[in-house]
Amino acid sequence: MTVGEMAERVEISHRTVRYYDDEGLLPARRSAGNYRLYGEDALARMMTIRRLKPLGFTLEEMRKVLALLDAASAPSSATDPDRPQLLERLVELEADVRQRREKLEEHVAGADEIIASLRPLLP
DNA sequence: CTTCTGACA
DNA sequence: TGTCAGTA
């Protein structure tokens, strides 16, 4: 699929997709006319990025997360001599995401309070 | 019409 | 991240 298609499918502006691509976060090929071409794999990555963003991950952090996920899902990871360290990092990532999730909940609670404070002011 | 790159806001 | 320009 082209950038426009990708952008539409993940509901992110084509400008942003292009930016992530330029930053090396997406696996893309080029058409004869130099158009970016993406596969389902790129789409899956884009979705992961979309979920990471609201958690506050920076592009650099996303780069690491994606690399870790790739390494963990690679067929060779089963025999990788560093399997323990890989699992270790996955555990750390999970803890990190859990912590960010908590932060989001606090934000939601804050929004609820604002809403509640508005209620008595409205007709 | 869509995408590309680079630049500016 | 949006938009504008000039292309392919």
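- Taking each heavy atom of R18(A) and V3(A) in turn, the nearest pair found is N-CG1, 4.4 Å.
- A heavy-atom distance below 4.5 Å is not found between the side chains of I49(A) and I12(A).
- Between R9(A) and L43(A), the closest side-chain pair of non-hydrogen atoms falls below 4.5 Å.
- Contact annotation: the side chain of L25(A) never approaches that of Y19(A) to less than 4.5 Å [non-hydrogen atoms, C-beta and beyond].
- Residues passing the side chain to side chain donor-acceptor pair (under 3.5 Å) test with E102(A), sequence neighbours excluded: none.
- Looking only at side-chain heavy atoms (C-beta outward), L86(A) and L68(A) come within less than 4.5 Å of each other.
- Under the 4.5 Å side-chain criterion, counting only non-hydrogen atoms from C-beta, D82(A) is not in contact with R89(A).
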TODO: Carefully, step by step, assess E94(A) and R98(A) under the rule salt bridge (Lys or Arg N to Asp or Glu O under 4.0 Å).
DONE: CA-CA 6 Å; E94(A) 188 194 27; R98(A) 278 224 161 80; 2.9 Å; yes
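- Base-pairing analysis of DNA chain B finds the following stems of at least three consecutive Watson-Crick or G-U pairs, with both pairing distances under 3.5 Å: B:4-9 with C:1-6.
- The shortest side-chain heavy-atom distance between L93(A) and L69(A) falls under the 4.5 Å cut-off.
- Counting only residues at least two apart or on different chains, the salt bridge (Lys or Arg N to Asp or Glu O under 4.0 Å) pairs with a member in residues 55-76 of chain A are E23(A)-R63(A), R45(A)-D70(A), E60(A)-R63(A), E61(A)-R100(A).
- Residues from residues 19-52 of chain A with heavy atoms under 4.0 angstrom of DNA chain B, sorted by number: R30(A), N34(A), Y35(A), R36(A).
- For the pair T48(A) and L52(A), the minimum side-chain heavy-atom distance is below 4.5 Å.
- Heavy-atom distances to DNA chain B give each of E5(A) and R15(A) a nearest nucleotide, and the one nearer the 5′ end belongs to E5(A).
- Scanning DNA chain C 5' to 3' for nucleotides with an atom closer than 4.0 angstrom to a non-hydrogen atom of chain A gives a first and last hit of dT1(C) to dA8(C).
- First and last contacts of DNA chain B with chain A, using any nucleotide atom under 4.0 Å from a protein heavy atom and ordered 5' to 3', fall at dT2(B) to dA7(B).
- Scanning both residues, Y38(A) and A28(A), for their nearest heavy atoms gives CE2-CB, 3.3 Å.
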